[in-house]
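Worksheet: one structure, shown below.
The sequence lines fix the lettering, A, B, ..., with proteins before strands; numbering per chain opens at 1.
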Amino acid sequence: MHVAAEYRQASLYVGDLHADVSEDLLFKKFSAVRPVLSICICRDLVTCRSLGYAYVNFLQLEDAQKALDTMNFDPIKGKSICLMWSQRDAYLRTSGIGNVFIKNLDKSIDNKTLYEHFSSFGKILSSKVMSDDHGSRCYAFVHFQNQTATDRAIQEMNGALLKDCRLFVGRFKSHKDREAKLQNKASEFTNVYIKNLGDDMDDERLRQVFSKYGKTLSVKVMTDSSGKSKGFLSFDSHEAAKKAAEEMNGKDINGQLLFVGRAQKKAERQAELKQMSEQLKQERFWQCRGAKLYIKNLDETTDDEKLRREFSSFGSISRVKVTQEER
DNA sequence: CATGAGCGA
């Protein structure tokens, strides 16, 4: 539908729409508040399924403003809609400037409460309390229109109490930024994980064994369900932890090879295991598929190892065999 | 403990 230029600025973007919401339903909902010029739910061209967002065009700017002020986060078909001014400039939406991350929210803080609290610092482009089936996940985002509002919100709300919860409020960091920081932190680890400890190990003995590398802050030996013992040990410096790992890892203790390495967070370890299992699955898949290449005209100096090296950048290789021609 | 996702006719 064509909307004349003079009405374009009275357009709201409606996000987080339930897939079953129809134009009709949206029209009823919005025109109950202010007169609506037109509605457009964006749909897949082929399947006509809703893409989960729509435009609501009003005749007057004040009408759009009124809808934005009173209807944001209203549930439709059980799902909270997310209202914003239509902003076609993708950079302004996603550059991350003015975007604030909030964590340690009280479970009872909902979208509207959050919005009300933070709109005192300046104009909000969008905000959202992250949630799942169990309700709030206790963290949120608020995207301010300008940097001063962002700075003030962080200045005043970081560390402040909201419903007995001390908030963390900081600038939003993209996945990439966060990853880099975590990597950095991981490279300066002070906690070590120790595996294959043998049977007769306890906290005190483990501390003694490792104390020569530096001051230990905490030691914990645990036994898993199969009776194997493992432990965590934290040092007061990265140097000590690093040295302990370097010197003790792989050490033969009563015929068992000790493992000593950087202690990972549970989520990190699980992610690693998952990745390993997926790689294994992938390898098996290709093995079954028998993705075999036949290569001829190799020169005489090419052996299994060289051929493997040459092809290793294309993916994991399960088997390489160079056959020698009879002379 | 936590760092999103979104722009048409």
Side-chain angles (χ1 to χ4, degrees), chain A residues 1-19 21 23 26-27 36-45 48-58 64 68 72-73 79-107 109 111 114-115 118 124-132 134-145 150 153-154 157-158 162 165-185 191 263-271:
Chain A
M1 184 185 303
H2 179 73
V3 176
E6 62 264 36
Y7 299 135
R8 245 178 240 168
Q9 54 179 346
S11 289
L12 293 184
Y13 170 92
V14 189
D16 290 351
L17 274 183
H18 189 290
V21 175
E23 282 81 354
L26 272 189
F27 188 85
V36 169
L37 175 66
S38 67
I39 299 244
C40 173
I41 295 178
C42 297
R43 297 176 181 279
D44 182 284
L45 277 175
C48 286
R49 262 189 81 78
S50 164
L51 295 173
Y53 68 92
Y55 296 91
V56 180
N57 304 304
F58 296 88
L68 188 58
N72 201 6
F73 310 120
K79 208 170 164 207
S80 285
I81 59 168
C82 179
L83 290 182
M84 285 166 257
W85 289 104
S86 171
Q87 172 54 265
R88 304 298 299 279
D89 185 337
Y91 178 77
L92 294 177
R93 296 197 310 264
T94 58
S95 67
I97 298 165
N99 205 1
V100 165
F101 169 70
I102 301 148
K103 68 180 175 182
N104 208 28
L105 279 171
D106 187 90
K107 194 108 179 154
I109 305 287
N111 277 312
L114 182 86
Y115 188 97
F118 280 83
I124 292 175
L125 297 177
S126 74
S127 72
K128 189 181 215 166
V129 174
M130 300 310 281
S131 64
D132 55 25
H134 310 292
S136 166
R137 294 171 71 185
C138 303
Y139 69 97
F141 304 91
V142 176
H143 193 167
F144 288 101
Q145 191 172 49
T150 307
I154 293 171
M157 295 307 286
N158 186 32
L162 187 55
C165 282
R166 203 164 287 287
L167 297 185
F168 169 89
V169 182
R171 296 188 59 156
F172 167 77
K173 291 187 182 73
S174 71
H175 254 315
K176 216 175 68 204
D177 294 346
R178 235 177 108 60
E179 191 93 319
K181 202 172 164 202
L182 288 176
Q183 287 279 316
N184 213 3
K185 214 174 165 184
N191 295 337
Q264 295 170 298
K265 285 195 173 184
K266 196 165 195 169
E268 188 188 354
R269 177 66 181 154
Q270 277 167 349

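- We find that CG of A:Leu125 is positioned 14 Å from C1' of B:dC7, with the value rounded to whole Å.
- Residues satisfying the salt bridge (charged side-chain N to carboxylate O under 4.0 Å, His left out) criterion with A:Arg137, sequence neighbours excluded, are absent altogether.
- The distance from the CH2 atom of A:Trp85 to the OH atom of A:Tyr13 is 16.0 Å, given to the nearest 0.5 Å.
- Comparing B:dG4, B:dG8, B:dT3 against the side chain of A:Asn99 picks out B:dG4 as the nearest.
- Picking from B:dG6, B:dC7, B:dT3 the nucleotide with the shortest atom distance to the side chain of A:Ser126 gives B:dG6.
- Atom-to-atom, CG of A:Leu162 to P of B:dA2 comes out at 20 Å; the value is rounded to the nearest Å.
- Residue pairs meeting the side chain to side chain donor-acceptor pair (under 3.5 Å) criterion with at least one member in residues 97-106 of chain A, sequence neighbours excluded, are A:Asp106-A:Ser108.
- A donor and an acceptor atom never sit less than 3.5 Å apart when one is taken from the side chain of A:Asp16 and the other from the base of B:dG6.
- Stacking annotation: A:Phe101 is not stacked on the base of B:dA2 (requires ring centroids less than 5.5 angstrom apart and an interplanar angle below 30 degrees).
- Between A:Leu105 and A:Ala140 the shortest heavy-atom distance is CD1-CB, 3.6 Å.
- Here the CD1-CG distance, from A:Ile81 to A:Asn72, works out to 7.0 Å after rounding to the nearest 0.5 Å.
- Within the nucleic acid shown, A:Tyr53 comes within 4.0 Å of sugar-phosphate atoms alone, with no base atom in reach, counting heavy atoms only.
- Of all nucleotides listed (B:dA5, B:dC7, B:dA2), B:dA2 comes nearest to the side chain of A:Tyr139.
- A donor-acceptor pair is defined here as one N or O able to donate and one able to accept, closer than 3.5 Å; no such pair exists between the side chain of A:Ser127 and the backbone of A:Val142.
- Among the nucleotides B:dT3, B:dG8, B:dG6, the one closest to the side chain of A:Lys173 is B:dT3.
- Counting non-hydrogen atoms under 4.0 angstrom, A:Asn104 reaches a base of the nucleic acid.
- In this pair, A:Tyr13 lays its aromatic ring flat on the base of B:dC7, centres within 5.5 Å and planes under 30 degrees apart.
- Nucleic acid contact for A:Cys42: sugar-phosphate only, since backbone atoms but no base atoms lie under 4.0 Å from a heavy atom of the residue.
- Within 4.0 Å of A:His175, counting heavy atoms only, lie sugar-phosphate atoms of the nucleic acid but no base atom.
- A close approach under 4.0 Å does occur between a side-chain nitrogen or oxygen of A:Arg178 and OP1 or OP2 of B:dA2.
- Comparing B:dC7, B:dG4, B:dA2 by their nearest atom to the side chain of A:Tyr55 picks out B:dC7.
- Atom CZ of A:Arg88 and atom C1' of B:dG6 are 12 Å apart (whole Å).
- One interatomic measurement links the two molecules: CG of A:Leu83 to C1' of B:dC7, which rounds to 14 Å at whole-angstrom precision.
- Between A:Trp85 atom CH2 and B:dA5 atom C1' there is a gap of 20 Å when expressed in whole angstrom units.
- Look at A:Arg93 and you'll find a side-chain N or O under 4.0 angstrom from OP1 or OP2 of B:dC7.
- The side chain of A:Phe141 lies closest to B:dT3, out of B:dA2, B:dG6, B:dT3.
- Between the C1' atom of B:dT3 and the CE atom of A:Met130 lies a distance of 9 Å, rounded to the nearest Å.
- Considering only side-chain N and O atoms, A:Lys103 lies under 4.0 angstrom from the phosphate OP1 or OP2 of B:dA2.
- Following rounding to the nearest Å, A:Tyr91 (OH) and B:dC7 (C1') show an atom-to-atom distance of 18 Å.
- Straight-line distance from the CD1 atom of A:Ile97 to the C1' atom of B:dG4: 17 Å, rounded to whole Å.
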